[in-house]
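Have a look at this one before I ask anything.
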2 protein chains.
Amino acid sequence: MKLSEARQQFISTWGAMGTHWGINRTMAQVHALLMISPDPLTQDDIMAQLNISRGNVNMNIRDLIDWGLVDRVLIQGERKEYFTAEKDIWKVARQIIKERKRRELDPMMKLMDQLSKVDGDKKDKEVKVFLDTISGIKKFGAHADSMLDVVVKSDENWFLSTALKLFK
Amino acid sequence: MKLSEARQQFISTWGAMGTHWGINRTMAQVHALLMISPDPLTQDDIMAQLNISRGNVNMNIRDLIDWGLVDRVLIQGERKEYFTAEKDIWKVARQIIKERKRRELDPMMKLMDQLSKVDGDKKDKEVKVFLDTISGIKKFGAHADSMLDVVVKSDENWFLSTALKLFK
DNA sequence: TCGAATTTTCAATAATTACTGAAAAATAAT
DNA sequence: ATTATTTTTCAGTAATTATTGAAAATTCGA
């Protein structure tokens, strides 16, 4: 398989995978392209390589920067902005975990706290099942939260060696 | 807060959360409704409670069954089918991990194996960066795969006690 | 300070995804 | 076997989400 073909396939699959994870296809493709590009790219490079408009590139790049997955790079004597992506997949994963925890898990747990204050008699089975569900989610969430904190703070080496031994 | 209001909020938030995870809003809402319903529901119950059409309920229920999150229940002397959802959130999480691993991680790893056979000289930096990215993903994927296998095979108690101690 | 280069915004539009509802198929009681 | 009930399918439509492209804003060199 030729490099150009393999690159295309990687970009396209990474994009499809994104849609299964609530990330839009193009954003995932831009990320994929930057991961396999040895040097930083400009908006025009990305437009050309993925065949998408300037506005689209701009918005998705900005989102990727918000996610902490892409950085602006200043190149000596160049007017244009260049962009580059973190290439260490372990760092990418940690960053995504950190952000999703902040954006999704934390607010979900706040809501569960509120919902657990619902009025009503625990002898009513509707109330009981509701409260049991909420409380189950709260407990699960608290543990997941601690685990993910440890993962986010740990380093690659921990993941590749220690964790596995412990799990086995 | 009244139960009816709390139930509505739970269903609506669980639905919104679904969209961040590549699951359609309605499917997540049906799941939420079944989780907080003490008794099994029929398609008509779900149609009424969520204000959606029969076809919509039918398709989403079928998907939930495919995911292993909802079961058909036969009720003595009743013609209609009833549905119920697993209420233990830990089992729900394990089931989701298991399915996503099968549907997403496994095929992704297969693709990485193919892509690592790309032709070209490793001295070419385009080739090198590409191969390094693929190989990073393969290594990461293999470890994630082992970890998730252990998680899927473990029980709630393991998660709530042992895992945390090991991580701390 | 001006003007060219570059980035950002956003209303209009396209593309995708989800939903409806009625018809067809399946099921099971009589 | 017939018929009433229930489930499934799917073409048409609606709703949502993503993309374009041109105008506005910003940046920076001269």
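Note that these values count all heavy atoms, side chains included, but never hydrogens, waters or copies made by symmetry. Convention: sequence-line order gives letters A, B, ...; per-chain numbering from 1.
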*Which part of the nucleic acid does A/N56 contact within heavy-atom distance under 4.0 Å: base, sugar-phosphate only, or nothing?*
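Contact class for A/N56: base.
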
*Using the salt bridge (Lys or Arg N to Asp or Glu O under 4.0 Å) rule, take A/D132 and A/K125 through it: C-alpha gap first, then chi angles, then the decisive distance, then the call.*
CA-CA 10 Å; A/D132 287 352; A/K125 70 179 175 181; over 6 Å; no

*Taking atom P of C/dC10 as reference, at what distance in whole Å does atom CZ of A/R54 sit?*
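The answer, rounded to whole Å, is 18 Å.
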
*Taking for each residue the nucleotide of DNA chain C with the nearest heavy atom, is it A/T19 or A/F83 whose nucleotide lies nearer the 5' end?*
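Per heavy-atom nearest nucleotide, the more 5' residue is A/F83.
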
_Ring-plane angle category for B/F140 and A/W90, please: parallel below 30°, perpendicular beyond 60°, tilted otherwise._
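The rings of B/F140 and A/W90 sit tilted, inter-plane angle from 30° to 60°.
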
_Nearest heavy-atom neighbours spanning B/Q95 and B/G68_ =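 Closest pair (atom of B/Q95, atom of B/G68, distance): CG-O, 3.6 Å.
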
*How long is the span from the CG atom in B/N56 to the CG atom in B/L50, to the nearest 0.5 Å?*
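Between B/N56 CG and B/L50 CG, I get 9.0 Å after rounding to 0.5 Å.
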
*Tell me whether the OP1 or OP2 atom of C/dA18 has a side-chain N or O from B/N60 closer than 4.0 Å.*
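Looking at the OP1 and OP2 atoms of C/dA18, neither is under 4.0 Å from any side-chain N or O of B/N60.
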
*Identify whether A/L69 and B/V129 are in the same connected component of the hydrophobic contact network (ILVMFWY, side-chain heavy atoms under 4.5 Å).*
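The answer is no; the residues belong to distinct hydrophobic clusters.
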
*Round to a whole Å and report the spacing from CD of B/Q43 to P of C/dT20.*
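Going from CD in B/Q43 over to P in C/dT20 covers 13 Å.
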
*Separation of B/E81 CD from B/I61 CD1 (nearest 0.5 Å)*: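 B/I61 CD1 to B/E81 CD: 9.5 Å, rounded to 0.5 Å.
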
_Go nucleotide by nucleotide along DNA chain D from the 5' end; which of B/K80 and A/I52 gets its closest nucleotide reached first?_
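Mapping each residue to its closest nucleotide by heavy atoms, the 5'-most match is B/K80.
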
*Under a criterion of less than 4.0 angstrom to any heavy atom of chain B, what are the 5'-terminal and 3'-terminal contacting nucleotides of DNA chain D?*
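Boundary nucleotides touching chain B, in 5' to 3' order, are D/dA4 to D/dT17.
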
Protein-nucleotides 24-30 of chain C N/O pairs under 3.5 Å:
unit_1 : atom_1 : unit_2 : atom_2 : d
C/dT27 : O2     : B/R79  : NH2    : 2.5

*Spacing of A/D45 atom CG relative to C/dT7 atom P, expressed in whole Å*: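 Taking atom P of C/dT7 as the reference, CG of A/D45 is at 11 Å.
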
*Rounded distance (Å) that lies between atom C1' of C/dT7 and atom CD1 of A/I46*: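 Whole-Å distance recorded here is 13 Å.
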
*Whole-Å distance between C/dA15 P and A/N24 CG?*
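Value for this atom pair: 16 Å.
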
*What integer distance in Å separates B/M59:CE from C/dA18:P?*
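Taking CE of B/M59 and P of C/dA18, I get 10 Å after rounding.
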
*asked:* What contact category does B/R62 fall into here, base, sugar-phosphate, or nothing, at under 4.0 angstrom with non-hydrogen atoms?
replied: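 Here B/R62 touches the backbone only, sparing every base.
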
*Same cluster for B/M109 and A/F10 if Ile/Leu/Val/Met/Phe/Trp/Tyr side chains link at under 4.5 Å?*
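B/M109 and A/F10: one cluster.
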
*Mind checking the CG-CD spacing from B/L115 to A/Q9? Nearest 0.5 Å is all I need.*
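Spacing of CG (B/L115) from CD (A/Q9) equals 5.5 Å.
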
*Does A/V70 reach the side chain of A/D63, with side-chain heavy atoms less than 4.5 Å apart?*
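A/V70 vs A/D63: side chains apart.
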
*Contact nearer the 5' end of DNA chain D, comparing A/V57 with B/R25*: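 With A/V57 and B/R25 compared, the 5'-side residue is B/R25.
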
